[in-house]
Amino acid sequence: MTDDLTPFVDTLVAAVRDRRATSPLTDSRELDEPTALRVQDAVVRARIDAGATLVGAKLGLTSAAKQRQMKVDRPLYGWLTDDMQVDTGAAVLCERYIQPRVEPEIAFLLGRDLEGPQVTAAHVLAATEAVFGAVDILDSRYAGYAFTFNDVVADNASSAGFVLGGTPLDPYGVDLRLTGCVLEKNGELVSTAAGAAVMGHPAAAVAWLVRALAARGRGLAGGQVVMAGGLTEAVAVAPGDTVVATFDRLGSVEIPFR
Ligand code: OOG
Ligand code: MG
């Protein structure tokens, strides 16, 4: 276990502030998973100290498509703050980011607290107020998104922005396994998927998160948003691009990038 986290945290906080990518932390020093999680906590705390509010969590690398793309073979999680949320339909300025990418996801708004080592997908659905079609805006702080598992954990799972669609549904009114998703960029089809792409069911992915948090004595709170992980590979965006993620029954999320 590395004791002095400061150099790791400073590197990541500076990369966000200066919008300049850095090399993976593991290039210069050893970084084990418990330490990476503590760096993640410190990076999130730095945002909160700067005035942001914790509003939820995100899963990452929950689909085969994402694991293949990022060459990381297990899921992870990170945290969402209010300053990351972008209104549906709003334009997004690429200059706010280093190397933005987007990916379509299913998001959960929790109606009550959710914690414990035995939580299942059924518990997640019972605790959910509404489900949304959503888009995750990623911005790895590592040049070219080249990272190891522990690097990306430390970097708060590349969290940078998220958009919730405008057509939420009652989770009992929709079979999220079958929720189809079509991702288009500039009018061209990029990829397609269904909800089952993330751990068999988006609620199963959220249950995995709750159990992982329970192992650290933590949980999720009512009112929090949870993103279940990219259904498809992420796609790079630049000024002038428009991305549309269309979900069966959950509407579409359109993001014009400037
Ligand atoms: C890591 C973040 C992964 C997802 O949904 O898979 C993630 C990355 O791809 O940079 O958010
Ligand atoms: Mg994601």
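When a ligand or atom number is given, it counts from 1 through the structure's own listing order.
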Return yes if some donor-acceptor pair links the side-chain N/O of Asp82 with the main-chain N/O of Thr53 below 3.5 Å, else return no. yes
Heavy-atom contacts with Tyr145 under 4.0 Å: which atoms of ligand 1 show up? List them by number with element. 10 (O)
Does a salt bridge link Glu33 with Arg74, judged by any charged N lying under 4.0 Å from a carboxylate O? yes
Quick one: nearest non-hydrogen protein atom to atom 2 (C) of ligand 1, plus distance? Ala157 O, 3.2 Å
Would you mind telling me if ligand 1 is within reach of the side chain of Val152, the backbone, both or neither, using heavy atoms under 4.0 Å? side chain
Pairs of nitrogen or oxygen atoms closer than 3.5 Å, one from Lys66 and one from ligand 1: do any exist? yes
Does Val72 reach ligand 1, in the sense of a heavy atom lying below 4.0 Å from it? no
If you measure from each non-hydrogen atom of Asp136 to ligand 1, which part falls under 4.0 Å: side chain, backbone, both or neither? side chain
For the Mg ion (ligand 2), the closest N/O/S atom belonging to Glu103: OE2
Same cluster or not: are Val39 and Ile48 linked, directly or through other Ile, Leu, Val, Met, Phe, Trp or Tyr residues, by side-chain heavy atoms under 4.5 angstrom apart? yes
Give, rounded to 10 degrees, the angle between OD2 (Asp136) and OE2 (Glu105) as seen from the Mg ion (ligand 2). 100°
Less than 3.5 Å apart, any donor N or O on the side chain of Asn150 or Thr148 sitting next to an acceptor on the other? no
Near Gly230 (heavy-atom distance under 4.0 Å), the atoms of ligand 1 are 4 (C), 5 (O), 6 (O)
Examine the proximity of ligand 1 to Met227 and report which part, side chain or backbone, both or neither, has a heavy atom under 4.0 Å away. neither
Report the part of Glu105 in contact with ligand 1, treating N, CA, C, O as backbone and CB onward as side chain, heavy atoms under 4.0 Å; options are side chain, backbone, both, neither. side chain
Those atoms of ligand 1 less than 4.0 Å from some heavy atom in Phe147: 8 (C), 10 (O)
Would you mind reporting whether Arg29 and Pro7 have side-chain heavy atoms less than 4.5 Å apart? yes
Within one Ile-Leu-Val-Met-Phe-Trp-Tyr cluster: Val244 and Leu189, side-chain cutoff 4.5 Å: no
Can you list the atoms of ligand 1 that are under 4.0 Å from a heavy atom of Gly229? 5 (O)
Identify the closest protein heavy atom to atom 6 (O) of ligand 1: which residue and atom is it, and at what distance? Leu61 N, 2.7 Å
Gly60-ligand 1 polar pair, N/O distance under 3.5 Å: no
Atom CG of Leu220 and atom CG of Leu213: how far apart are they, to the nearest 0.5 Å? 5.5 Å
Closest to atom 5 (O) of ligand 1 (heavy atoms only, candidates Arg141, Glu103, Gln67) is Glu103
Under 4.5 Å between any side-chain heavy atoms of Ser191 and Glu233, yes or no? no
Hey, which atoms in ligand 1 end up nearer than 4.0 Å to a heavy atom of Met70? 9 (O)
Do side-chain atoms of Gln224 reach the backbone of Ala57 as a donor and acceptor pair under 3.5 angstrom? no
Students should be able to answer this: which protein heavy-atom is nearest to atom 1 (C) of ligand 1, and at what distance? Ser158 OG, 3.4 Å
With side chains defined as the heavy atoms from C-beta onward, is the minimum distance between Val198 and Leu59 less than 4.5 Å? no
For the residue pair Tyr145 and Phe147, does the interplanar ring angle fall in the parallel (under 30°), tilted (30 to 60°) or perpendicular (over 60°) class? tilted
Do Leu176 and Thr179 have side-chain heavy atoms sitting under 4.5 Å apart? yes
Within less than 4.0 angstrom of ligand 1, does Ser140 place any heavy atom? no
